[in-house]
*Asks:* 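This is the structure, below, for whatever I ask next.
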Amino acid sequence: MAQADIALIGLAVMGQNLILNMNDHGFVVCAFNRTVSKVDDFLANEAKGTKVVGAHSLEEMVSKLKKPRRIILLVKAGQAVDDFIDKLRRCRDLKAKGILFVGSGVSGGEEGARYGPSLMPGGDKEAWPHIKTIFQGIAAKVGTGEPCCDWVGDEGAGHFVKMVHNGIEYGDMQLICEAYHLMKDVLGMGHDEMAKAFEEWNKTELDSFLIEITANILKFQDSDGKHLLPQIRDSAGQKGTGKWTAISALEYGVPVTLIGEAVFARCLSSLKDERIQASKKLKGPQKIQFEGDKKAFLEDIRKALYASKIISYAQGFMLLRQAATEFGWTLNYGGIALMWRGGCIIRSVFLGKIKDAFGRNPQLQNLLLDDFFKSAVENCQGSWRRAVSTGVQAGIPMPCFTTALSFYDGYRHEMLPANLIQAQRDYFGAHTYELLAKPGQFIHTNWTGHGGSVSSSSYNA
């Protein structure tokens, strides 16, 4: 008998929590898993006493669904997804059979899935009216109850937006780590002192989930009363989404430098054994006691973190804009910022300012050109430069702080030394160049007098 409003395939932690979340909001969910014993275990334990129903085959699952039949596929990327897609078919193939495909980003981890995630659905828009009530019902709410979920765009727009979200998450985490490194090694702050600083920062423009949990992590002690953080091996893992963002940026020619550096910082951290050997042989600057105003430099670090964060998000939205051009998507950038305001790892007050910026100008080319963010970066600029230069003098690695500042300086320069690159390319490879006075005309110069006047064909690889 058709009784379920929606089915969910995949009973890992995220899947179970999403099912319980939907149940809490009054929706009847049919649970299915490739290993069907997990269905019975889930019904007998976590879902006991709920309206959740189970199925032991795809046929049984379909038979229990009300029309139009709505199915969430939440299984691990790779072969599992491919196996189920072979059974359920995808996008255009599906549409021909009257099945509407949606790809949705889901953020917020286990807690978000259970009590309110950020959801980023995209795909066949005809599906949206059929799932809107459920998706917005279970999503996190901000402000006056606005759901952190709305339609993103066609085809893979939902997953692309989620991928950029995760890339920004990599950047945010690395920026916080660089601030922590400066506090610890330049200012010589203890863990409780740093925790207090992050708690104070969380009352400022930096108010966010990641700043909040960093304060909690810094003051956390093990059963022996020792701070746990310094005992953790400094080799960071990753699941690939930051890497995918960086690859996309390279593919579409968008300078998303901060996320790229955040990914490489994790790669460098994973070379732990090599770094131990290198630390015994490679010398940095002589360590000296910080003699400046400690409170003032701590504020410099905070402002450097804020300015760098603005650059990271500006770059992320540049990538979204380019992807929209590449794929013909119509993206609501302010709406995307709102979707990230709650329920997800990068949730912060800061995102409301991004929504406001795109509200003021939906065609905004770059966040840095919005008056609010322009003023914010200008206000932080002195502190940002002091934090970076002091860190460099002390030998502290700051890949994201420094690349953010370099991007800002590059973006604000009318003239960059790329004219020399063009001259070099033409000199050794006859790749041609344009003159400022004659844009659109490509010229080759016989630089040596014996190079000839034939230019190479132009291409973009």
Side-chain angles (χ1 to χ4, degrees), residues 170-206 208 210-220 226-236 257-258 261-262 264-266 268-269 271-272 275-276 278-312 377 379-409:
Y170 273 55
D172 272 359
M173 293 169 75
Q174 177 62 27
L175 287 170
I176 292 169
C177 287
E178 291 174 22
Y180 155 68
H181 202 166
L182 287 169
M183 293 158 78
K184 180 167 64 79
D185 284 17
V186 174
L187 293 179
M189 296 172 70
H191 283 77
D192 290 332
E193 192 179 5
M194 287 188 282
K196 193 171 187 306
F198 275 100
E199 285 173 350
E200 290 302 313
W201 289 3
N202 205 40
K203 299 170 186 173
T204 70
E205 306 96 325
L206 292 174
S208 65
L210 284 170
I211 294 289
E212 178 189 332
I213 69 167
T214 299
N216 293 339
I217 289 166
L218 281 161
K219 64 189 175 188
F220 189 88
K226 296 178 181 177
H227 287 101
L228 178 60
L229 182 57
Q231 301 177 56
I232 297 174
R233 182 178 166 90
D234 56 317
S235 179
T257 56
L258 197 145
E261 288 291 354
F264 286 132
R266 293 197 188 191
L268 181 58
S269 79
L271 303 177
K272 177 65 174 176
R275 288 190 290 110
I276 291 171
S279 70
K280 296 169 184 173
K281 295 187 176 183
L282 303 179
K283 301 299 179 188
Q286 184 179 351
K287 190 162 185 177
I288 55 172
Q289 189 76 25
F290 181 80
E291 294 180 348
D293 185 328
K294 185 174 175 180
K295 187 176 179 182
F297 188 65
L298 187 60
E299 177 63 3
D300 285 344
I301 297 172
R302 186 189 74 82
K303 285 186 171 180
L305 177 54
Y306 182 45
S308 300
K309 184 182 173 85
I310 290 172
I311 298 298
S312 181
V377 172
N379 180 51
C380 293
Q381 190 172 168
S383 289
W384 196 7
R385 295 185 190 281
R386 281 192 295 274
V388 167
S389 58
T390 303
V392 168
Q393 291 294 326
I396 305 296
M398 301 170 295
C400 286
F401 273 13
T402 51
T403 199
L405 184 55
S406 291
F407 174 86
Y408 176 72
D409 283 337

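All figures in this text were calculated on a predicted structure; none of them were measured in a lab. Residue indices begin at 1 and follow the sequence shown.
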*Asks:* Take Thr214 and Leu218 through the test side chain to side chain contact (heavy atoms under 4.5 Å, CB included) and record every step on the way to the result.
*Replies:* CA-CA 6 Å; Thr214 299; Leu218 281 161; 3.9 Å; yes
*Asks:* Are more than 12 heavy atoms from other residues, nucleotides or ligands located less than 6.0 Å from atom CD1 of Ile276?
*Replies:*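 Above 12, so yes.
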*Asks:* Can you give me the closest heavy-atom contact between Ala307 and Cys380, atom names plus distance?
*Replies:*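 Taking every non-hydrogen atom into account, CB-CB, 3.8 Å.
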*Asks:* Any non-hydrogen side-chain atom of Trp201 less than 4.5 Å from a side-chain atom of Ile301?
*Replies:*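 Sidechains of Ile301 and Trp201: in contact.
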*Asks:* Could you report the tightest heavy-atom contact between Cys400 and Leu258, atom names first, then the distance?
*Replies:*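 Taking every non-hydrogen atom into account, SG-O, 3.5 Å.
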*Asks:* Report the distance from atom OG1 of Thr402 to atom CH2 of Trp384, rounding to the nearest 0.5 Å.
*Replies:*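 Between Thr402 OG1 and Trp384 CH2, I get 10.5 Å after rounding to 0.5 Å.
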*Asks:* Between Lys196 and Glu199, does any NZ, NE, NH1 or NH2 come within less than 4.0 Å of an OD or OE carboxylate oxygen?
*Replies:*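 The answer is no: the pair does not qualify as a salt bridge.
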*Asks:* Where is the tightest heavy-atom contact between Asp300 and Ser383, given as atom of each residue plus distance?
*Replies:*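 For Asp300 versus Ser383, the nearest heavy atoms are OD1-OG, 2.7 Å.
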*Asks:* What closest approach, in Å, do Leu206 and Arg302 show between heavy atoms, and which atom pair accounts for it?
*Replies:*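 Shortest heavy-atom separation between Leu206 and Arg302 comes out as CD1-CG, 3.6 Å.
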*Asks:* Could you measure the distance from the CE atom of Met194 to the CE atom of Met189? Nearest 0.5 Å is fine.
*Replies:*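 Reported to 0.5 Å precision, the distance equals 7.0 Å.
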*Asks:* Which of these passes side-chain contact (heavy atoms from CB on, under 4.5 Å) with Phe401: Glu261, His181, Glu178?
*Replies:*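 In the set Glu261, His181, Glu178, the residue that makes a side-chain contact (heavy atoms from CB on, under 4.5 Å) with Phe401 is Glu178.
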*Asks:* Taking atom CZ of Phe290 as the centre, does the number of heavy atoms from other residues, nucleotides or ligands within less than 6.0 Å exceed 12?
*Replies:*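 Check passes, neighbour count above 12.
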*Asks:* Please report the interatomic distance OH(Tyr408) to CZ(Arg385), rounded to the nearest 0.5 Å.
*Replies:*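 Here the interatomic distance stands at 7.0 Å.
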*Asks:* Rounded to the nearest 0.5 Å, how far apart are CD of Glu205 and CD1 of Ile211?
*Replies:*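 So the gap between those two atoms works out to 11.5 Å.
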*Asks:* If we ignore hydrogens and angles and just use 3.5 Å, is the side chain of Ser269 paired with the main-chain N or O of Arg266 as donor and acceptor?
*Replies:*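 Confirmed, Ser269 side chain pairs with Arg266 backbone.
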*Asks:* Taking atom CD as the centre, does Gln231 end up with more than 12 heavy-atom neighbours from other residues, nucleotides or ligands that are less than 6.0 angstrom away?
*Replies:*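 Check passes, neighbour count above 12.
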*Asks:* Please walk me through it: do Ile217 and Phe198 pass side chain to side chain contact (heavy atoms under 4.5 Å, CB included)?
*Replies:* CA-CA 10 Å; Ile217 289 166; Phe198 275 100; over 6 Å; no
*Asks:* Say you draw a straight line from CG of Leu305 to OH of Tyr180; how long is it, rounded to the nearest 0.5 Å?
*Replies:*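 So the gap between those two atoms works out to 15.0 Å.
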*Asks:* Might you confirm whether atom NZ of Lys226 has over 12 heavy atoms from other residues, nucleotides or ligands at distances under 6.0 Å?
*Replies:*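 No.
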*Asks:* Looking at every non-hydrogen atom in both residues, tell me the closest pair between His191 and Pro230 and how far apart they are.
*Replies:*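 Minimum heavy-atom contact is NE2-CD, 3.5 Å.
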*Asks:* Quick check: closest heavy atoms across Asp172 and Lys309, and the distance to 0.1 Å?
*Replies:*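 Taking Asp172 first and Lys309 second, the nearest heavy atoms are OD2-NZ, 3.3 Å.
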*Asks:* Calculate, to the nearest 0.5 Å, the distance between atoms OG and CD belonging to Ser308 and Gln174 respectively.
*Replies:*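 Here the rounded value is 11.0 Å.
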*Asks:* Taking Ser389 for the side chain and Arg386 for the main chain, is one N or O donor matched with an acceptor at less than 3.5 Å?
*Replies:*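 Yes, the answer is positive, given that a donor and an acceptor are paired below the 3.5 Å cut-off.
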